[in-house]
Amino acid sequence: MKNKAKPAWLQPALAYIPDWLAFQLERHQQVGCAVAIARGQELVAEFALGSADLSTGKRLTPRHRFRIASHSKSFTAAGVMLLREQGKVGLDDPIGRHVSGLHKELAKARVGELLSHGAGVIRDGEDSGQFLDRRPFLSRAELRADLARKQPLAPGLQLKYSNHGYGLLGLLIEELGGTEYPAWITRHVIEAAGLRETVPDMPQLPRTAPMAKGHSTEFPFGQRLIVPGDNVCHAIAPAGGFVSTASDVARFFAQLAPDSKESVLSAASRREMMQRRWRDPCSTLESYYGYGTMMNGPGPKEWHGHTGGLQGFVSRTSRFAESGFTITVLCNSQDGWSYQWVDGIHSVLSAFQRHGAPARKNAAWSGRWWSMWGASDLVPMGKVVLQVAPAMSMPFDGTNTELSIASKDRGLIAKTSGYNSPGQPVRLVRDRKGQPAELWMGGTKLLPKAAMLAEARQRYRGTRGAGKAARALDAGRPAPP
């Protein structure tokens, strides 16, 4: 179902986001990311930045597949909820009623407790080397052997995140669905949701589908190592095996929203999935888990979704209830900033939504300006121009400097920290061709990047060795000793 006409502020907001993210990738030396944004149930943006494989230099595209890791749990949970709608299982059913061979205490755990990580199941077995590429992922027989042992906690005590627990839910789906998990989940959840770039594990990925490589951190290895990312997750696929694109993931989570008009699940099931079942008492942020979904605490920035991490890849998807935006960020490096960038993207959208489309007279007051302290972006929206630091993971946090524009080249610092320059003028200085060449913020002159670099290098000319280091850095090589 199509949404109503897009608001005027949306396009300039979507135009700024990849510009800000490109700076983030360069500034923090990240490998790459794929982004998708849905408004309601409509995909309004998708793009990719950076590299799909540092060893070849191949550029990342929106069609590249990523390991989406624990996002898989939301698909599995949707499958269990669908079986429940069909009357084949109840959330209060003891899991032992449907899956045999479990330890007698685990057999008493309820299906709902497994969905919400409240069944006390061991996280990854006694040897979690499968998540470090030290061993293959568990087969069904190996998983069943682990589940036949006594588990660390009794059911119903606390949040205890468990990939083994979701592997057990995969066995439940196989028992009730009458076929292997990959085939059942593909037919009844993935294809039913209209997704065309998602598979439940690597063996189902078409050979022609482009696949991003994963990457390690740079420290302590001295360089990023290439992580193939082609692991077959076998019995752990229901917990972390899925492979997908940002756009497919965003579409799926948009459909899970209780107010979605199109979904594989009833609105009642979706509401149940979003209820806060367990709180993590040790998190520095308010963090909860529902049925296959993560969420924060109540409030104006309330979201539900999931995160994911598999060797070489990290990811996050969040559906923000108040704004109706679903944002997916997939990163192909272990230190990717997917968690922060989802919030950063939402801060951009929220700022434009609050201020509105930029007034025509403010259009020239845009772009990136530099001093030796770093970059500043001028972003016009509504009747003001905001000054933001693109190096920040939350570019619009409600405390940005606001400029009031009086004319083509003159304005005033109308709102800012008392430690900055409130009440002082701002002005643009143009070159002979009429293009902005300088930005004065109070008494501080900012320049385009090339001009700032040239000025600083001229001023701080040093030894011959320092010059070599600067040239090496310009060429992307390590500085000489």
Examine Trp278 together with His117 and report whether their ring centres are nearer than 6.0 Å. no
What is the ring orientation for Phe75 with Phe253, classed by angle as parallel under 30°, tilted 30 to 60°, or perpendicular over 60°? perpendicular
On the 0 to 90° scale, with breaks at 30° and 60°, tag the Trp370-Phe23 ring pair as parallel, tilted or perpendicular. tilted
Using the salt bridge (Lys or Arg N to Asp or Glu O under 4.0 Å) rule, take Arg110 and Asp92 through it: C-alpha gap first, then chi angles, then the decisive distance, then the call. CA-CA 5 Å; Arg110 294 177 294 168; Asp92 287 330; 3.2 Å; yes
Does a donor on one side chain sit under 3.5 Å from an acceptor on the other, for [X] and [Y]?
X: Ser323; Y: His346; result: yes
X: Gln30; Y: Ser333; result: yes
X: Gln24; Y: Ser393; result: no
X: Ser318; Y: Arg316; result: yes
X: Lys73; Y: Tyr289; result: no

What verdict does the side chain to side chain contact (heavy atoms under 4.5 Å, CB included) test give for Glu402 and His355, after you've listed the backbone C-alpha separation in whole Å, the side-chain angles of each residue and the deciding distance to 0.1 Å? CA-CA 11 Å; Glu402 294 186 8; His355 289 282; 4.0 Å; yes
Answer whether the closest heavy-atom distance between the side chains of [X] and [Y] falls below 4.5 Å.
X: Ile345; Y: Ile37; value: yes
X: Gln311; Y: Val227; value: yes
X: Ile173; Y: Thr76; value: yes

Arg277 to Tyr291, cation-pi by 6.0 Å centre distance and 45° axis angle: yes
Using the side chain to side chain donor-acceptor pair (under 3.5 Å) rule, pick out the option among Tyr16, Trp369, Trp20 that qualifies with Asp377. Tyr16
Look at the side chain of [X] and the backbone N and O of [Y], then say whether any donor-acceptor pair between them is shorter than 3.5 Å.
X: Lys213; Y: Ala52; result: no
X: Arg65; Y: Arg63; result: yes
X: Ser347; Y: Gly344; result: yes

Stepwise salt bridge (Lys or Arg N to Asp or Glu O under 4.0 Å) check, Arg251 with Glu46: CA-CA 11 Å; Arg251 286 190 184 101; Glu46 65 167 342; 5.6 Å; no
Using the rule side chain to side chain contact (heavy atoms under 4.5 Å, CB included), only one of Thr317, Thr326, Leu195 pairs with Phe252; which is it? Leu195
